[in-house]
Amino acid sequence: MSIQANWQKLYEAALDKSLPALETIPGVILGFHSTIDGLKRVVPEEIEKILSQDPALAEEVSRRLGSLPAEIRTPADLLVGLASSLQRGKALQLMIREESVYQWVMEHLGYDQIRMGGTSGNMANFMAPLPLPRILVYSNPLTREQAELFVDNQNLYVINQEGELQHPHQAWQGEGIYAIHWIFEYPKGLKLKVGDQVLESPRANRFIAAWNPINNKLQIESNFQKCLPRLLPSFSHFVVSGFHILSETYPDGTTWLDYLRPVARFLRELKKDHSHLRFHYEFASIASAAIRKGIVDYILPTVDSLGLNEVELCAILRDRGEDELAHNVENRTSLVAVLRALERLADSTGLRRIQLHDLGYYLTLVDADYASGEETRDAMLFAGTLAASRSTIGRVGTPDEIRQGLDVPLAEQLFPLMAELAQELEEEEFTKTGIATKNGRRIILVPTKIVAKPVLTVGLGDLISSSSFILG
Ligand code: ADP
């Protein structure tokens, strides 16, 4: 049998096992934030009109062009951030610090469309179509506008004011948008006139301005904290993410550490009292090295499992001064460096499971007593099929639609890298099974399917990590 046919058979068998297995998983909790994304196309005439009506604002924006505000406290900060992003064609995200600016943007620019935002909210919406019995998502404040962005599936819950599980569509309280992440999108070649300069975007990109005064401090709502423990016997998995919303410092003089510590303590206590629960942390790209290091020091020791991509792995390595290893990981010519990097991370944090996803492969390190090699591999293969199907049709579909992910071709370029790793691990069967054992850990590598023209890839990493974690 060819190596391709061997892996295709493994993919098919894994899917046949995984769909029924999802039905037997007690429940999944997703924390710690859901929010509203306000999509807004940048319309130069709109901004030029605002500037022409307010000469002082126009003068300030003109004068500050090319500089980057650290955060948004005034309308000028917002427009300077937007202009800088557009001028360079570079993605930029800034927090809005003043409610008056949030009101100003609502009034002067508004949004074209709102959609679900926040890692937990997005994960909830793409997991709910799976045959999982119960998904509890953290969403605060849950106003009607936020609640309506959740999908209809009846396996999705929040904790309501009475401390019971209820679908978000029934559990909302009050109306209004109290938090919004504006996504200002611009195409390539868009011209914006500021004073006597005409800026032109060298490529399409986006500028994000986020107003999220509650979640920005990751403060977990007290009703959720109080009621969750009683509900935990019905749940088995906890996926934690969204910490990229933290800021290094806050206007009131507090710092990220003031808020990361209580979350770590909350997780630690839940884990101590409910040892059946397994925790996963999904790393996201975090610009601040201090916060990244904080997560490695405070959060990783409290969870069982970690999911990350190759860029996030390199950032962690560089934070620790392991520049050469990071460089070798980035080279992409061998997976030996990637494996070494994951082993070092597992050794230093005590994580029982780490899964890395990259285009073309997923690599997982798991303690031998956490899960078997086959279970772990089959969960990763299921995630690969799910990711292929979602990239093709743009959503998590029915079991039949998920099955169509099997038709997407495998990443051929991975096989030589896999053969090299097999030699390194002295495990002859590795290219066929994807499973090796070293130092009391299983090492599992699977080649993945790559969709040539994906419809949607945003949030794909979260989907891959969370589905592999839940099934593995
Ligand atoms: P996000 O932060 O949006 O969740 P990541 O960058 O963490 O995304 O992960 C994206 C992952 O999605 C990649 O590592 C890769 O495994 C997978 N992926 C990306 N593009 C494709 C594609 N065209 N076909 C299949 N899988 C893809």
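Predicted model, so just to flag it, every value in this text is computed and none were measured. Throughout, numbering of the chain's residues begins at 1 and tracks the sequence. Counting convention: from 1, in listed order, for ligands and their atoms alike.
Considering both main-chain and side-chain atoms, E312 never comes within under 3.5 Å of ligand 1 through any nitrogen or oxygen pair. Geometrically, ligand 1 and G461 share a nitrogen or oxygen pair separated by less than 3.5 Å. Geometrically, ligand 1 and P454 share no nitrogen or oxygen pair separated by less than 3.5 Å. The N/O atoms of G459, backbone and side chain alike, include one that comes under 3.5 Å of an N/O atom in ligand 1.
Ion pairing between a basic and an acidic side chain is recognised when a charged N comes within 4.0 Å of a carboxylate O; K438 and E343 show such pairing. Look at D77 and R97 and you find no salt bridge, because none of the NZ, NE, NH1 or NH2 atoms lies under 4.0 Å from a carboxylate O.
Of the candidates L460, T457, D358, it is D358 that places a heavy atom closest to atom 15 (C) of ligand 1.
Ranking the protein heavy atoms by distance from atom 19 (C) of ligand 1 puts L359 CD1, 3.7 Å first. When hydrogens are left out, the protein atom nearest atom 23 (N) of ligand 1 is V451 O, 2.9 Å; that is the closest non-hydrogen contact.
Heavy atoms of K449 found under 4.0 angstrom from ligand 1 belong exclusively to the backbone.
If you check the side chains of Q404 and S389, you find no donor sitting under 3.5 Å from an acceptor.
If you number the atoms of ligand 1 from 1 as listed, the ones under 4.0 Å from a heavy atom of H357 come out as 5 (P), 7 (O), 9 (O), 11 (C), 14 (O). Atoms of ligand 1 lying under 4.0 Å from any heavy atom of I450, numbered from 1 in the order shown and given with element: 24 (N), 25 (C). The contact set between ligand 1 and N309, taken as ligand atoms under 4.0 Å from a residue heavy atom, comprises 5 (P), 6 (O), 7 (O). Of all atoms in ligand 1, listed by their number and element, those nearer than 4.0 Å to a heavy atom of I464 are 11 (C), 12 (O), 16 (O), 17 (C). Atoms of ligand 1 lying under 4.0 Å from at least one heavy atom of Y362, given by number and element, are 16 (O).
Checking side-chain atoms of Q146 against main-chain N and O of T35 turns up a donor-acceptor pair under 3.5 Å. For the pair N216 (side chain) and I245 (backbone), a donor-acceptor distance under 3.5 Å is present. With hydrogens and angles disregarded, no donor-acceptor distance shorter than 3.5 Å links the side chain of S139 to the backbone of L142.
By the 30° and 60° cut-offs, the orientation of the rings of F238 relative to F279 is parallel.
For atom 1 (P) of ligand 1, a protein heavy-atom neighbour is found at a distance under 4.0 Å.
A heavy-atom distance below 4.5 Å is found between the side chains of H237 and F469.
Applying the ring-ring contact (aromatic ring centres under 6.0 Å, His included) definition to pairs two or more places apart or across chains, none involves residues 317-357.
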